[in-house]
Amino acid sequence: MRDEGPSRALLDWYDAHARAMPWRTGPAARKAGIRPDPYAVWLSEVMLQQTTVAAVRDYFHRFTARWPGVGALAAANDGDVMAEWAGLGYYARARNLLKCARVVVAEHGGRFPETRAALLNLPGIGPYTASAIAAIAFGEQATVVDGNVERVMARLFAVETPLPAAKPELTALAEGLTPPDRPGCHAQAVMDLGATICTPKSPACGICPLRAPCRARALGTQADLPRKLPKKPKPTRHGIAYLGRRADGAWLLERRPDKGLLGGMLGWPGAEWGDAAQEAPPLAANWRDPGAEVRHTFTHFHLRLALRVADLPMDAAPARGRFIPAQEFRPSGLPTVMRKAFDLGQPALVPA
DNA sequence: TAAGCGTGGAA
DNA sequence: TTTCCAAGCTT
C-alpha cells in the first residue's frame, strides 16, 4: 500500500530545493519531455558509489569531455581510463566501467538496456545502480536504495533493527513510497534529503519536509538511527616503495594485477605489504632513504610506507616494471597512496 | 555471506 | 589524532 503523504511532501521539497548537478537535466528540460542521457546517468551513478558529490564533480567533467559517449569510452585505452580515474578510489569500478561500455557496444548496439532487470546483468551495475538508471534515465518505477535511503527509512519508520540485517525491511519500506510518476525525481529527492537534511549526525529535523510523519523524530531517536553493528578495528601494515628515476628522467613503475588492491593501477615497485616491511628492490642500485614515510589509510587497514629513491643508469634492466618516459608521466595518474610516495620521495632526487 | 575494496572531508 | 562515513559491487 503506497503512502501519498511523504512522497508528495518529498517531491514538493525536491522541486523547490534540488541542487544543480552536471549529470542532472534541469526542470525546464524535464517539462519539455527531454530525458537525461543514459550514459551520463550511468557514469555519474558509478562514480557516486560510496563517493561524495563533491569528489565526483571534476571527474565527471573530465570523463565526459574526453569520452562523450559509451562508444568512445568502449574504444578507449585501458591505461588512459585507469589514469583518469586515479584518485577517485575503488578502482574495480573503473575496470568494470570499461567492461560495461564494451558489452553495451558489442551486445546492445551501443545503447543501454532500459529495464532494471537487464541493467543488473552488466558489469559494475548492482541493485542500487540498476534501479537508479532505470528510474532516472528510463522512468521505470524502480526503488533506489542507498545509504541515504536506508537512513531516511530507518528514521521515518523508527526501524530499530541494525544494519546490514535491516536492509530487506528498509528496502520494502522504500518500495512502498516509490511513486509511479517521476520515480527518478523521487529517488533523487530521498537521496538529497539524506545528504543535506537527514544527515548521519545532527539531522536538521526542524526544516525537514518529513518531520510530521517521522516516527523517530516523534520518539527522539533520530540521531541513533539507523543502528549499525560495530566495526572491526583496522590493523597496520608496512611496506617499502622504490622510486627509481633513470638519467633521462623516466620513472620505473609497474602495472598492478587486475585483481586486488589498486588493481590495474600503476604503482612503485615493492614487496607486498604485511606485518613488517620487506626489502624488495626491483634492481640493484644505490637506494637511499629520504627519511620520510607515507601514511595512508585504506578501507580495511592503515599503511606505513617507507621510501627508497635512486638515480638509475640508462642501461638499467629492472626485473619488474617498466620505465615511463618523463613526458608521459603524470603523478595525477597514480592512485593517491602512490602519488603521496612521489610527492615525498621526488624532492630527494632533485639535484641541489 | 562476510570480507575486500579508496579517498577525502567533517566532527 | 582518530573515527566516521559517502548516491555499492563482487566474490
Side-chain angles (χ1 to χ4, degrees), chain A residues 18-19 21-24 40-60 82 85-97 99-100 119-133 135-137 142-152 163-165 167-168 171 174 184-196 198-203 223 226 228-237 256-265 267 273 294-303 332 334-340:
Chain A
R19 298 171 297 169
M21 295 185 194
W23 46 87
R24 281 185 181 168
V41 174
W42 164 69
L43 180 62
S44 65
E45 290 301 342
V46 172
M47 287 182 166
L48 285 164
Q49 289 166 9
Q50 297 284 282
T51 310
T52 59
V53 169
V56 164
R57 192 169 268 114
D58 289 347
Y59 284 87
F60 179 81
M82 299 312 288
W85 195 276
L88 199 54
Y90 284 136
Y91 298 100
R93 293 185 294 172
R95 301 193 302 272
N96 285 328
L97 195 77
K99 279 189 199 168
C100 181
L119 287 161
L120 263 178
N121 293 322
L122 293 169
I125 296 184
Y128 163 78
T129 307
S131 284
I133 298 172
I136 296 170
T143 299
V144 173
V145 182
D146 74 332
N148 290 303
V149 178
E150 290 175 354
R151 184 170 59 255
V152 171
L163 284 167
K167 175 111 181 176
T171 298
C185 289
H186 170 82
Q188 292 176 89
V190 185
M191 292 190 285
D192 275 18
L193 187 78
T196 62
C198 196
T199 50
K201 296 170 186 172
S202 49
K228 295 189 177 181
L229 261 32
K231 302 186 175 182
K232 291 185 177 178
K234 290 186 201 321
T236 298
R237 295 184 190 169
R256 299 172 64 89
D258 267 352
K259 298 210 172 194
L261 191 69
L262 308 180
M265 300 300 290
W273 304 330
V294 174
R295 290 189 177 206
H296 191 78
T297 298
F298 293 97
T299 308
H300 55 297
F301 66 93
H302 303 289
L303 176 67
S332 64
L334 301 176
T336 297
V337 64
M338 300 298 177
R339 184 186 51 73
K340 284 184 182 176

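Numbered from 1 within each chain, the chains take letters A, B, ... in sequence-line order. What you see is a predicted model, and the numbers here were worked out from it, not measured in a lab.
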By nearest nucleotide on DNA chain C, pick out whichever of A:Ile125 and A:Arg19 is the more 5' one. A:Arg19
Rounded to the nearest Å, what distance is computed from the CE atom of residue A:Met47 to the C1' atom of nucleotide C:dA6? 16 Å
To the nearest angstrom, how far is A:Asp258 atom CG from C:dT10 atom P? 15 Å
A:Asn121 CG - C:dT10 P separation (whole Å): 11 Å
Is it possible for you to check whether A:Arg256 lies under 6.0 Å from the centre of the six-membered ring of A:Trp273, through NZ or CZ, and within 45° of that ring's axis? yes
Spell out protein contact along nucleotides 6-11 of chain B as letters: B when the base is contacted, S when just the sugar-phosphate is, - when no protein heavy atom is under 4.0 Å; keep the 5' to 3' order. BBS---
Do any N or O atoms from the side chain of A:Arg93 and from the backbone of A:Leu88 form a donor-acceptor pair under 3.5 angstrom? yes
Proximity of A:Phe298 and A:His300 rings by center, below 6.0 Å: no
Which value, in whole Å, describes the distance between the P atoms of nucleotides C:dT11 and B:dG6? 14 Å
At 4.0 Å (heavy atoms only), tell me whether A:Pro164 reaches a base, stays on the sugar-phosphate, or touches nothing. nothing
Calculate, to the nearest 0.5 Å, the distance between atoms CZ and CG belonging to A:Arg151 and A:Leu193 respectively. 9.0 Å
With a non-hydrogen cut-off below 4.0 angstrom, is A:Val46 in contact with a base, only sugar-phosphate, or nothing? nothing
How many whole angstroms separate atom CG of A:Leu229 from atom C1' of B:dA2? 12 Å
Let me know which of A:Val149, A:Leu48, A:Thr196, A:Val152 forms a side-chain contact (heavy atoms from CB on, under 4.5 Å) with A:Met191. A:Val149
Ignoring the backbone of A:His300, work out which of B:dA3, C:dG8, B:dG4 is nearest its side chain. B:dG4
For B:dA2, take OP1 and OP2 only and decide whether either is under 4.0 Å from a side-chain N or O of A:Lys232. no
For A:His302 and C:dT1, give me the distance from atom NE2 to atom C1', rounded to whole Å. 11 Å
d(NZ, A:Lys167; P, C:dG8) in whole Å: 9 Å
A:Tyr59 atom OH is separated from C:dA6 atom C1', nearest whole Å, by 15 Å
Output the distance between atom OH (A:Tyr59) and atom OG1 (A:Thr51), rounded to the nearest 0.5 Å. 10.0 Å
So A:Met265, base contact, sugar-phosphate only, or nothing? Heavy-atom distance under 4.0 Å. nothing
Measure NZ/A:Lys228 against P/C:dC4 and give the value in whole Å, please. 10 Å
If you assign each of A:Val53 and A:Lys99 to its closest nucleotide in DNA chain C, which residue comes earlier from the 5' end? A:Val53
Would you say the ring centroid of A:Phe60 lies under 6.0 angstrom from that of A:Trp23? yes
How would you label the contact of A:Arg24 with the nucleic acid (heavy atoms, under 4.0 Å): base, sugar-phosphate, or nothing? base
